[in-house]
Amino acid sequence: MTTTELRVGVVGAGIMGADHIARLTGTIAGADVSAIIEPDATRAEAASRLAPEASVFGRIEDAIDSGAMDAVVVATPGAYHEPVLLPALDARIPILCEKPLTQDPGSSWRIVEAEQKTGKHLIQVGFMRRFDPQYRSLRDLITSGTAGELLMLRGVHRNPSVPPNYTQEMLITDSVVHEFDVVPWLAGASIASVRVDYGRRNSGSPSHLREPILVIMQLDNGVLVDVEMNVSVRFGYQVATEAVFERGVARIGQPEGLELWQDGAFRIAEHQTYTTRFKRAYDLEVQAWVDAVRAGGIAGPSAWDGFKVAVACEAGVKALHTEGAVSMELPPTPAFYAVD
Ligand code: ISE
């Protein structure tokens, strides 16, 4: 590690935390992992093997007091974000916060208030789909208008399986949360309402889950969006979108790579998990964040974007238990977050 490199602390060494530690030590230029904040000894030890030079702490407060980090990646589950974000903001430490910002609009509001008090944009939220090259091309196509106006977005979000602690609400707060960020970003519009429809239950779903579900969003520019959220497909990990325009249709997220015709069948490999499907997006996201922090800013979704998604998730969770659409309204954007 050279003295000019950004010294990054990583809070939480689960799947995403470990993935980011490996990325920061192996792929990202201009940064290294200087601190690992993880109360679980086994996870901390495994993470230390990825970044042997990093100091290990049980609490973020101790890492801050030690002066061991210039910036921090927060990769704990969403329920633990607020108690980590507040001391980091207080210490004016730039943050890349894995999605979601927090679990509900009340706590997200407290975070945007705390950030505004610092007078600086310190938080970038880890909605990595915005960095995926295919999503970027689709957004460029929509903005260009070359296929006419966007009419509909039709998405599938399929996971092979989910861990035992995954709840019905997490279909929204842990999974559809990505669409709640990326859809408004793609379409240049806000979500006006969310509806959830249930069909036939997958007999292979964990017994406490009723899924797949169909999530239907109306945007305030009239664009209609549907997303199949399906977490027990077994065959692989698939996130794909079809965009319907006035004069064309575009698709992203199709399986790619080696195509094999053999034994009377055609095969192409499918991803098994999000860390490989979105590897490039995560790499680009973290590199952009490191570069922006070194230049004194952020380079992606802001805490305000995180707040808007928390409001959408609240509507989405309500829609899980409501017949018909649940409308959502956002408060006016604070001047601090207004973009020209
Ligand atoms: C997981 O937490 C993620 O963020 C993945 O991107 C998403 O596809 C998955 O459904 C979530 O559980």
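All heavy atoms count here, side chains included; hydrogens, waters and symmetry mates do not. Note that ligands are numbered from 1 as they come in the structure, with each ligand's atoms numbered from 1 the same way.
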Side chains of residues 187-195: which donor-acceptor pairs under 3.5 Å do they make with residues two or more places apart or in other chains?
unit_1	atom_1	unit_2	atom_2	d
R195	NE	D197	OD1	3.0
R195	NH2	D197	OD2	2.5

Hey, could you give me the CG/CG distance between L150 and L138, rounded to the nearest 0.5 Å?
->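 Between atom CG of L150 and atom CG of L138 there are 7.5 Å.
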Can you tell me how far the CZ atom of R130 sits from the CD atom of Q124, to the nearest 0.5 Å?
->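 If we round to the nearest 0.5 Å, R130:CZ and Q124:CD are 9.5 Å apart.
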Output block, N or O contacts of ligand 1, threshold 3.5 Å exclusive:
unit_1	atom_1	unit_2	atom_2	d
ligand 1	2 (O)	K99	NZ	3.0
ligand 1	2 (O)	D174	OD1	3.4
ligand 1	2 (O)	D174	OD2	3.0
ligand 1	4 (O)	K99	NZ	2.9
ligand 1	4 (O)	H178	NE2	2.9
ligand 1	6 (O)	H178	NE2	3.1
ligand 1	6 (O)	Y237	OH	3.3
ligand 1	8 (O)	H157	NE2	2.6
ligand 1	8 (O)	Y237	OH	2.6
ligand 1	10 (O)	N159	OD1	2.7
ligand 1	10 (O)	S175	OG	2.6
ligand 1	12 (O)	D174	OD2	2.6

Under 3.5 Å, side-chain donor or acceptor atoms of residues 327-335 against the rest of the protein: list the pairs with distances, not counting sequence neighbours.
none

Aromatic ring proximity Y166/H208, centre distance under 6.0 Å |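 Between H208 and Y166, which both carry aromatic rings, the centre distance is not below 6.0 Å.
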Side-chain polar contacts of residues 286-295 - donor-acceptor pairs under 3.5 angstrom, sequence neighbours left out - could you list them?
unit_1	atom_1	unit_2	atom_2	d
Q287	OE1	A29	N	2.9
Q287	NE2	A29	O	3.0
Q287	NE2	D291	OD1	3.0
R294	NH1	T4	O	3.2
R294	NH1	G30	O	2.6

